[in-house]
Amino acid sequence: MAATTPPATNLEGEDAREGRSPMMPEDGYEWKKYGQKFIQNIRKNRSYFKCRNRRCKAKKRLEWLPSDPSSIRVIYQGAHDHPSPRPQSNLEQEASARRANRYNLANQVLGSPSDPS
DNA sequence: CGGCTTTGACCTCAT
DNA sequence: GATGAGGTCAAAGCC
Ligand SMILES: [Zn+2]
């Protein structure tokens, strides 16, 4: 194999930083990731997000199976002190609000592709 | 320069 | 009293 060591052609690119952890799901707010841990209790991966606003105590956590990173569960904790600086989608925005109303003002669970229960 | 992401270490609570 | 799990903060690196 002559070990050519392709210098320029970065074909194999280690740029494959994708698929590791779910990207920041913009749901209408800005979040800052501050931790990630594997929960043994449910055998799931958990990502911890905090609202960009220091005044806001709203937190968000992403939970997904290491075997199925496609299905992500979003758990919102706390409430915001400021309106959404990021209009997401009239349709989804209403849906989100409706869901929150159905569950709690600070404790909702969203399913990724298809919501289970 | 600022801001965000990632990992490790540290803290706390329950058993 | 110690351990494990869960949760949070800080520092470094990168753009
Ligand atoms: Zn907020």
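Each chain gets a letter, A, B and so on, in the order the sequences are listed, and its residues count up from 1. Heavy-atom basis, side chains included; hydrogens, waters and symmetry copies ignored.
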Summary of protein contacts for nucleotides 7-15 of chain B, nucleotide by nucleotide, where a base hit scores B, a sugar-phosphate-only hit scores S (4.0 Å, heavy atoms):
S-B------
Round to the nearest Å and state the distance from [X] atom [atom1] to [N] atom [atom2].
X: A:L62; N: C:dG7; atom1: CG; atom2: C1'; answer: 15 Å
X: A:K32; N: B:dT6; atom1: NZ; atom2: P; answer: 13 Å
X: A:N41; N: C:dG6; atom1: CG; atom2: C1'; answer: 9 Å
X: A:K57; N: C:dG7; atom1: NZ; atom2: C1'; answer: 18 Å
X: A:Y48; N: C:dC9; atom1: OH; atom2: C1'; answer: 13 Å

Determine whether A:E63 and A:I42 make a side-chain contact, defined as any pair of heavy atoms from C-beta on separated by less than 4.5 Å.
yes
Name the closest nucleotide to the A:K50 side chain, picking from C:dG6, C:dT8, B:dT5.
C:dT8
Could you pull out all residues at least two apart from A:N53 that satisfy side-chain contact (heavy atoms from CB on, under 4.5 Å)?
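Testing A:N53 for side-chain contact (heavy atoms from CB on, under 4.5 Å), a comparison that skips the adjacent residues, returns A:C51, A:C56, A:H82.
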Output all residues satisfying side-chain contact (heavy atoms from CB on, under 4.5 Å) with A:K57, sequence neighbours left out; order by chain, then residue number.
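Partners of A:K57 by the side-chain contact (heavy atoms from CB on, under 4.5 Å) criterion come out as none, since no residue qualifies.
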Tell me whether the side-chain N/O atoms of [X] come closer than 4.0 Å to OP1 or OP2 in [N].
X: A:K59; N: C:dG7; value: no
X: A:R46; N: C:dG6; value: no
X: A:R61; N: C:dG6; value: no

Applying side-chain hydrogen bond (donor to acceptor under 3.5 Å, both in side chains), name anything that partners A:D68, two or more places apart in sequence or on another chain.
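Expected list: A:S71.
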Under the side-chain hydrogen bond (donor to acceptor under 3.5 Å, both in side chains) test, which residues partner A:R61, sequence neighbours left out?
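Checked A:R61 against side-chain hydrogen bond (donor to acceptor under 3.5 Å, both in side chains); zero matches.
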Applying salt bridge (charged side-chain N to carboxylate O under 4.0 Å, His left out), name anything that partners A:K60, two or more places apart in sequence or on another chain.
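Here the qualifying residues are A:D27.
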